[in-house]
Q: 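One structure is given below, represented as structure tokens, and several questions about it will come after.
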Amino acid sequence: MKKRLGHIFLVDDNHDMRFYLSDMLIMLGYTVDTFDNANAFLDNAMDISPAVLLLDMRMPGINGLELQLRMESLGRKTPIIFISGESDKDEIIEAFRMGAVDFLLKPFNREKLCQVVDKALEMDRQRNHEFVKTDVLRRSFETLSAREQEIFMLIVQGLTNKGIAEVTGIQPGTAKKHRATIYQKFQINTSAELISQCQGVDLSQLKVTEENAEQ
């Protein structure tokens, strides 16, 4: 049994191209869903990861750029690789401006296709990993009081209890107690572990509780 390398959504109104590409990609070990238009993709494709969207630029109805914009508005982050038989410079520039991973002009060879597909799948794996890591951290962060959230942010900056006391105006002993509570809620024992959990996470995404900080 071939190892599954990742999932590919193929959207192209050309039947022969869909058949050729899907057959080749499946033989190479990818899983593939095909759609002959953008609406079919939007109505039926599940938001899974790791995945990549192989997207034809010029199609009847919603074209490639319009689908790319629609996905952005829906918050769907699946990486997009455009494939096109003919596209002008402005279309290519706009596709990259909106975040396309690559733009392949037909005909393209199998090696180049697999190279960019694997690159996009790895990007999606990393994005999903970061999303899950951020979500786990956010859930623990939301169990903290407003004061604990404030001290959490200072701990990950490397401040000692004395340093936290100087910044917040509380006693070092109080800072120590808050630190111990934070460690307990995050199921860790050291600040190094907490800092490690925060690596690669945009801490600005953590919603700070809006209430007066308790002592």
Side-chain angles (χ1 to χ4, degrees), residues 3-9 30-31 33 41-42 44-55 67-82 95-102 115-161 163-164 167-168 170 175-214:
K3 178 182 177 181
R4 293 189 175 186
L5 305 176
H7 192 73
I8 298 173
F9 298 110
Y30 303 94
T31 55
D33 281 329
F41 167 80
L42 291 170
N44 297 287
M46 297 182 65
D47 192 2
I48 61 175
S49 180
V52 60
L53 172 58
L54 280 182
L55 178 58
L67 177 55
Q68 185 181 27
L69 187 61
R70 185 78 63 87
M71 290 183 66
E72 178 68 23
S73 68
L74 293 172
R76 295 191 62 166
K77 305 297 184 181
T78 304
I80 297 175
I81 298 170
F82 277 98
F96 279 116
R97 188 189 69 79
M98 292 197 297
V101 175
D102 214 320
Q115 180 183 0
V116 296
V117 164
D118 289 342
K119 173 185 175 182
L121 287 170
E122 183 56 33
M123 290 172 59
D124 201 43
R125 286 188 188 94
Q126 183 63 31
R127 177 194 63 81
N128 188 60
H129 172 74
E130 292 174 359
F131 172 82
V132 171
K133 186 175 182 179
T134 300
D135 188 59
V136 170
L137 189 68
R138 177 184 57 79
R139 291 175 185 273
S140 295
F141 183 78
E142 289 176 351
T143 68
L144 304 178
S145 68
R147 174 63 85 187
E148 289 164 356
Q149 289 177 355
E150 179 185 13
I151 292 174
F152 168 96
M153 293 298 185
L154 297 174
I155 292 173
V156 298
Q157 292 176 40
L159 271 68
T160 63
N161 292 332
I164 291 171
V167 170
T168 62
I170 63 177
K176 182 178 180 180
K177 291 179 181 178
H178 283 309
R179 181 188 291 267
T181 301
I182 293 168
Y183 286 179
Q184 181 182 29
K185 290 181 177 180
F186 276 79
Q187 299 181 357
I188 58 174
N189 297 304
T190 67
S191 60
E193 291 177 80
L194 187 62
I195 293 170
S196 178
Q197 285 190 20
C198 296
Q199 286 182 344
V201 175
D202 180 3
L203 296 182
S204 67
Q205 297 183 43
L206 303 180
K207 184 178 180 181
V208 177
T209 301
E210 295 181 0
E211 61 182 46
N212 293 329
E214 58 191 42

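Side chains included, hydrogens not; waters and symmetry mates left out as well; all remaining heavy atoms used.
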Q: Check whether any side-chain heavy atom of Q68 sits under 4.5 Å from a side-chain heavy atom of F82, and report yes or no.
A: yes
Q: Short question: side chain of E130, backbone of R127 - any donor-acceptor pair under 3.5 Å?
A: no
Q: So F152 and F141, would you call those rings parallel, tilted or perpendicular, with 30° and 60° as cut-offs?
A: perpendicular
Q: Compare every heavy atom of F96 with every heavy atom of D102, then report the nearest pair and how far apart it is.
A: CA-CE2, 3.8 Å
Q: Under a 4.0 Å N-O cut-off, is there an ion pair linking E148 with K185?
A: yes
Q: Okay, side chain of Y183, backbone of S191: is any donor-acceptor separation there less than 3.5 Å?
A: yes
Q: Contact between I151 and I170 at the side-chain level, heavy atoms closer than 4.5 Å - yes or no?
A: yes
Q: Roughly how far, to the nearest 0.5 Å, is the CG atom of D47 from the OG1 atom of T78?
A: 5.0 Å
Q: Quick one: does T143's side chain have a donor or acceptor within less than 3.5 Å of a partner on R139's backbone?
A: no
Q: Quick one: list whatever passes salt bridge (Lys or Arg N to Asp or Glu O under 4.0 Å) with E122, sequence neighbours left out.
A: R125
Q: Does the pair E150/R147 count as a salt bridge with the N-to-O cut at 4.0 Å?
A: yes
Q: Hey, could you give me the CG/CG distance between N161 and L159, rounded to the nearest 0.5 Å?
A: 9.5 Å
Q: Are more than 12 heavy atoms from other residues, nucleotides or ligands located less than 6.0 Å from atom NZ of K133?
A: yes
Q: Nearest 0.5 angstrom please: M123 CE to D118 CG, how far?
A: 13.0 Å
Q: Applying side chain to side chain contact (heavy atoms under 4.5 Å, CB included), run through V156 and L194 and close with a yes or a no.
A: CA-CA 7 Å; V156 298; L194 187 62; 4.0 Å; yes
Q: Let me see the working for L144 and I182 under side chain to side chain contact (heavy atoms under 4.5 Å, CB included), right down to the final yes or no.
A: CA-CA 7 Å; L144 304 178; I182 293 168; 4.1 Å; yes
Q: Between D124 and A51 (side chain of the first, backbone of the second, donor and acceptor by atom type, cut-off under 3.5 Å), is there such a pair?
A: yes
Q: Working to the nearest 0.5 angstrom, can you tell me the gap between Q149 CD and H178 NE2?
A: 12.0 Å
Q: To the closest 0.5 Å, what do you measure between OG1 (T134) and CG (L206)?
A: 7.5 Å
Q: With a 4.5 Å cut-off on side-chain heavy atoms, are R179 and I164 touching?
A: yes
Q: Do L42 and L67 come within less than 4.5 Å of each other through their side chains, counting heavy atoms only?
A: yes
Q: Are P50 and N128 packed together at the side-chain level, in the sense that at least one heavy-atom pair is separated by less than 4.5 angstrom?
A: no
Q: Please walk me through it: do H7 and F9 pass ring pair (Phe, Tyr, Trp, His ring centres under 6.0 Å)?
A: CA-CA 7 Å; H7 192 73; F9 298 110; 4.8 Å; yes
Q: So do the side chains of T168 and L154 get within less than 4.5 Å of each other, counting heavy atoms only?
A: yes
Q: With side chain to side chain contact (heavy atoms under 4.5 Å, CB included) as the test, would you mind laying out the steps for E72 and K77 before giving the verdict?
A: CA-CA 7 Å; E72 178 68 23; K77 305 297 184 181; 4.1 Å; yes
Q: Has the side chain of Q157 got a donor or acceptor atom that lies under 3.5 Å from a matching backbone atom of M153?
A: yes
Q: Check whether any side-chain heavy atom of Q126 sits under 4.5 Å from a side-chain heavy atom of F131, and report yes or no.
A: no
Q: Quick one: are P79 and L53 in side-chain contact, heavy atoms under 4.5 Å?
A: no
Q: State whether the side chain of S140 and the backbone N or O of L137 hold a donor-acceptor pair below 3.5 Å, judged by distance alone.
A: no
Q: Which atom pair, heavy atoms only, marks the closest approach of L121 to V52?
A: CD2-N, 3.9 Å
